[in-house]
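These notes concern the structure reproduced below.
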There are 2 protein chains.
Amino acid sequence: MRKSKFVSIYNDLSEKIHQKKIDAGALLPTENELCAQYQASRETIRKALAMLSRNGYIQKVQGKGSIVLDVSRQNFPISGLTSFRELAAHSKRQWTTNVHQVVLLKPDEHLKMVMNLQDGQTVWQVVRSRSTEGESVILDRDYLIQEVVPLLTADQCAHSLYDYIENELGLKIGFAKKEITVEPANEDDYHYLTMHEGTHVVVVRSLVYLENAQLFQYTESRHRADKFRFVDFARRDHM
Amino acid sequence: MRKSKFVSIYNDLSEKIHQKKIDAGALLPTENELCAQYQASRETIRKALAMLSRNGYIQKVQGKGSIVLDVSRQNFPISGLTSFRELAAHSKRQWTTNVHQVVLLKPDEHLKMVMNLQDGQTVWQVVRSRSTEGESVILDRDYLIQEVVPLLTADQCAHSLYDYIENELGLKIGFAKKEITVEPANEDDYHYLTMHEGTHVVVVRSLVYLENAQLFQYTESRHRADKFRFVDFARRDHM
DNA sequence: GAAAATTTGTACGTATGTATG
DNA sequence: CCATACATACGTACAAATTTT
């Protein structure tokens, strides 16, 4: 068994909820019944349920049970750490990626500060745009610390950076901090994006860290405002 | 003891991290040491640590320990369910709220669909704007199901809707689904907001549910684009 | 309305596996 | 290889909320 038991149970239950084998509004089997079904202890079941709860699949009510939520109109949360690849896979649109630049460079002062870089550290700069229906609507500018990612080719960037980083290099991504703002479009936006109406773009700045808490990537993702949409599921903490 | 033990431990540790009694980059005491310090079992400690991890305070590394993250520049996540009141409390600015409307109404077809309302159900409509430094920059339009919130006064809306709902009515909020988009400003935006440059606003639509999974509120929050900022901490799931 | 049964929430203990140093 | 520290899993007991009797 590669994965842990509670993750398998989580996957199985979330699948069933997606496939509507369990209706929204209905109750899941009780924890004890699930223990029997999956041959697991109650603690293991509860870990799987906590994960379902965090991700918006169920609502737990003490003394009652776990209510299945309507996940159909949830429209794939952009929250979490889903890469563009994963996102595009869930979307109905056809997307294409254009790689404009893959270069190794010495960071300027601003980037050194943002990424908290040491003297002598170099970074890969990757500039890509994403198009759908003949229009270029997203401009991504990634900076990756070379010590972590020694080599990078345009080919890898055209496919999926995260695939390469996680599967080829074996690095594991831990967490990210994101900030979303709206800013006036700059020269590059007008150059790389298909801008018609509107002079503003949505800017998503992310700092991405590995599992050992080491920062390894900074990304500035610029979206044509009318194509931008962010969906979030938020739970009042405690538990 | 009102709160559960692991929440107390979470609060204590998060406090210490905020106050820099534990430096960013340093390791927390080991789980066993924490067991001794707090006179708790390892499982209880681990629940507190999992909560710290989810909220961006620490990064757990197997075999090593729990690394304290830099929470200083984290700038209070707008993620989660923080109400405007709580948000304003964390902000350095001075905010004022203007209540423009508090009325009971029969929902139109659109609202009935969005809120999944039954025939005969009525809703409170609350329209408020938020101002800082003499400029009105946020326009909030809340719809609350009257069966859940029987009575509503302008006074309560001027103070804090959530305070009233959670503390006075004793209702507990469970979770919310949010969607963020950028849209052209409409008549009301020009009327209620101080719009200068820019013809677009950021629209945050939220469906808010109680702990028993019952929807009770729909909110459309319209922000002047140049004053909008959304900060998020995202973790790659598993655990 | 009250008591009993059911179901989830919290806490503790123990054992074993896995990653780090 | 070994010690340390975190990860997973099972089991038990009791508390708190809900539903049923």
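Letters go in sequence order (proteins before strands), and every chain restarts at 1.
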(message) Output the rounded distance in Å from CD (A:Glu43) to P (D:dT8).
(response) 11 Å
(request) Would you mind reading off the distance between B:Phe6 atom CZ and C:dC12 atom P, rounded to a whole angstrom? (result) 12 Å
(request) Consider the side chain of B:Ala40, meaning its heavy atoms from C-beta on, and name the nucleotide among C:dT7, C:dT10, C:dC12 that approaches it most closely. (result) C:dC12
(message) If you compare every side-chain N and O of A:Arg46 against the phosphate oxygens of C:dG9 (OP1, OP2), does one of them come in below 4.0 Å?
(response) yes
(request) Run the salt-bridge test on A:Glu211 and B:Lys64 with the 4.0 Å N-O cut-off and return the result as yes or no. (result) no
(request) Look at the side chain of B:Lys5 and decide which nucleotide, out of D:dT18, D:dC10, C:dC12, has an atom nearest to it. (result) C:dC12
(request) Take atom CD of B:Gln59 and atom C1' of D:dA5, then tell me their distance rounded to the nearest Å. (result) 15 Å
(message) What I want to find out is whether A:Lys177 reaches B:Asp232 closely enough, with some N-O distance under 4.0 Å, to be called a salt bridge.
(response) no
(message) I want to check one thing: is the phosphate of C:dG9, taken as OP1 and OP2, less than 4.0 Å away from some side-chain N or O of A:Lys60?
(response) yes
(request) May I ask you to verify if any side-chain N or O of A:Arg42 is less than 4.0 angstrom from the OP1 or OP2 atom of D:dG11? (result) no
(request) Compare the minimum distances between each of D:dA9, C:dG9, C:dT7 and the side chain of A:Glu31, then state the nucleotide with the smallest one. (result) C:dG9
(request) Could you check how far CD1 of A:Ile58 sits from C1' of C:dG9, rounded to whole Å? (result) 14 Å
(request) State whether A:Arg141 and A:Glu220 are salt-bridged, where the test is any N-O pair (Lys NZ or Arg NE/NH1/NH2 against Asp/Glu carboxylate O) under 4.0 Å. (result) no
(request) Starting from P on C:dT8, measure out to CD1 on A:Ile67 and report it in whole angstrom. (result) 11 Å
(message) Let's see if you can work this out: which of D:dG11, C:dA11, D:dC6 has an atom nearest to the side-chain heavy atoms of A:Ser41?
(response) D:dG11
(request) Could you check which of D:dC10, D:dC6, C:dT20 has an atom nearest any side-chain atom of B:Lys64? (result) C:dT20
(request) May I ask you to check whether A:Thr181 and A:Glu179 show a side-chain donor-acceptor distance below 3.5 Å? (result) no
(request) Among D:dT18, D:dC10, C:dT8, find the nucleotide with the atom closest to the side chain of A:Asn32. (result) C:dT8
(message) Closest-nucleotide mapping onto DNA chain D: is A:Lys47 or B:Glu33 further toward the 5' terminus? I mean the 5' end.
(response) B:Glu33
(request) Grab the OH-P distance between B:Tyr38 and C:dC12 for me, whole Å please. (result) 14 Å
(request) Report yes if at least one side-chain N or O of A:Thr44 is closer than 4.0 Å to OP1 or OP2 of D:dC10; otherwise report no. (result) yes
(request) Using atom CG of B:Asn212 as one end and atom P of D:dT18 as the other, report the distance to the nearest whole Å. (result) 9 Å
(request) In whole angstrom, give the distance that lies between atom CE of B:Met51 and atom P of C:dT10. (result) 10 Å
(request) Spell out yes or no: do the side chain of B:Gln62 and the base of C:dT18 have one donor N/O and one acceptor N/O closer than 3.5 Å? (result) yes
(request) Flag the pair A:Phe216 / A:Tyr209 as yes when their ring centroid distance falls below 6.0 Å, and as no otherwise. (result) no
